[in-house]
Amino acid sequence: MSRDALPDPVLHRNRRSRLLDRLGDGLLLLPTAPEVLRNGDVHYEYRPGSDFHFLTGFPEPEAVLVAWRTGKGQHRSVLFVRPRDPAREIWDGKRHGTKGAVSAFGVDEAHPIGELWQRLPKLLEGHPTLFHRLGAAAALDRRLLEVFAGQAQKHRRRQPAAHPTIQDPIPELAAMRLRKDAAEIAALQTAATITAAGHCAAMRGARPGMFEYEVQAIVEAEFRRAGSPRNGYGSIVASGPNACILHYHDNDRKMREGDLLLLDAGAEFGGNTGDVTRTFPVSGHFSPAQAAVYRVVLRAQLAGIRACRVGAPWNAAHKACLRELTRGLVELAVLRGAVPKLLGKDAFKPWYMHGTSHWLGRDVHDVGAYQDAADVAEPLPAGAVLTVEPGLYFDANDRRVPKELRGIGVRIEDDILVTRAGPGVLTAAVPKTIREVEAMCRAGRTAN
Ligand code: GLY
Ligand code: MN
Ligand code: MN
């Protein structure tokens with residue numbers, strides 16, 4: 001069975017009902033993610049679409065969910081899936097087929113995906129609205145328009161609309177996904193715990209003389225060993241000056257004595273991902289200059305986490321971090337002047353050029369609105385999960401900063417669950433203070 005199969009009929013039925021209650025009357029049409037060809041006969045690793053998987057737990061490609069509300073808290077759902085095919089299954093692995101879709105995943109009906117277009121007109125009958133986002137699946141959109149055009153031709157003399165109005169269901173779905181339910185929180189906590197184990201393994205295993213990709217292998221091996229089927233995003237393993245490249249992915253530098261290593265890696269579990277950054281010394285000890293930068297970033301991150309309170313603007317953490325980072329830049333003799341004035345002119349920007357937070361969940365940059373229609377920051381709701389990830393990046397050639405800081409890049413990132421009892425750090429198991437980080441690095445040395 002696919003590692004992405006999450007057969008939990010009650011959970012998924014409830015999610016579909018909640019969504020359809022929010023959307024109102026109409027027919028929901030939601031395809032999963034397509035398979036993508038990488039090169040001659042090789043596909044990229046398949047991962048089900050986040051929305052589709054959230055509503056079904058169904059893992060296979062070439063699947064479409066159709067569902068409609070039949071009353072408050074009630075709906076009917078139909079899955080179109082790849083049919084069983086013993087000859088194909090010898091090559092590609094076992095399929096659930098239509099029977100499995102009903103028995104294991106709890107939809108009301110399932111049909112072969114090849115019957116979608118023949119059955120859809122009938123399913124659409126009586127629904128004035130089709131909930132479907134255009135643009136995600138071009139071939140499906142084309143066929144849909146053909147169906148509607150066909151209906152228009154047949155019904156052109158009738159008064160009622162010939163075809164339904166298309167309405168985008170994704171904003172409602174995103175709002176639902178933003179406030180995690182208990183199952184999503186449990187999956188995120190497990191993803192965070194596995195992510196923590198990977199980061200600890202990296203701290204224990206990294207040594208001067210290793211290539212960055214060797215540390216990547218250590219982290220990702222621990223993720224797999226602990227039960228994560230894949231990473232939530234490509235690991236950033238950035239040593240020395242590479243830490244200043246925000247989306248560094250080459251991971252091919254040989255690490256040297258005295259380097260810091262910025263590791264941004266997250267394990268996926270139950271469709272959700274962790275997103276953690278730690279920056280640690282490959283030789284086991286921070287230099288005084290590295291420690292000075294690290295302390296500033298850590299102070300900012302702790303202030304950011306404290307700001308993640310129910311009802312606060314979602315970017316309160318960013319504001320708190322900016323204050324601490326600016327104070328720290330003055331202490332590090334990078335900036336001169338009064339902190340409020342420096343903040344007013346974004347004086348930190350050359351060394352802190354990214355945001356502090358994003359929603360986290362099934363997508364590492366998860367769905368959910370940040371601003372309302374008037375551009376006002378949304379308040380943090382209980383059940384939202386977001387990252388807090390301040391950093392400071394001093395390029396090796398930056399003559400504006402004291403010499404000893406050049407080439408130092410530090411980011412610290414944790415995953416925060418917003419609760420009425422205050423911010424919950426899902427990734428608290430990853431060492432973070434200088435003392436904890438150095439102790440974890442030393443644990444690797446005494447073990448070998
Ligand atoms: N790992 C991607 C990010 O931190 O946003
Ligand atoms: Mn992040
Ligand atoms: Mn990250």
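Side chains are part of it too, since the values below use all heavy atoms of this structure and drop only hydrogens, waters and symmetry mates. Counting starts at 1 for both ligands and their atoms, in listed order.
- The two atoms that bring A267 and I194 nearest to each other are CB-CG2, 3.7 Å, heavy atoms only.
- Only side-chain heavy atoms of D275 come within less than 4.0 Å of ligand 1; its backbone N, CA, C and O stay farther off.
- Distance alone, capped at 3.5 Å, is enough to place a donor-acceptor pair between the E212 side chain and the R253 backbone.
- Of the possible donor and acceptor atoms, one in the side chain of T56 sits under 3.5 Å from a partner among the backbone N and O of F58.
- Minimum-distance N/O/S atom of E389 relative to the Mn ion (ligand 2): OE2.
- Note on ligand 1: H365 sits in its first shell, one or more heavy atoms being nearer than 4.0 Å.
- Centred on the Mn ion (ligand 3), the OD2 atom of D264 and the OD1 atom of D275 lie at an angle of 150°, reported to 10°.
- The closest approach of E413 to the Mn ion (ligand 3), by N/O/S atoms, is made by OE1.
- The backbone N or O of K432 sits less than 3.5 Å from a side-chain atom of E436, completing a donor-acceptor pair.
- When all heavy atoms are compared, the tightest approach of F54 to D181 is CE1-OD2, 4.4 Å.
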message: Using the rule given for ring-ring contact (aromatic ring centres under 6.0 Å, His included), can you reason through W68 versus F131, listing the C-alpha separation, both sets of side-chain angles and the distance that settles it, and then say yes or no?
response: CA-CA 9 Å; W68 64 99; F131 300 114; over 10 Å; no
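- Close approach of ligand 1 to E413 (heavy-atom distance below 4.0 Å) involves ligand atoms 4 (O).
- Within the 2.8 Å limit, H358 places at least one N, O or S atom next to the Mn ion (ligand 2).
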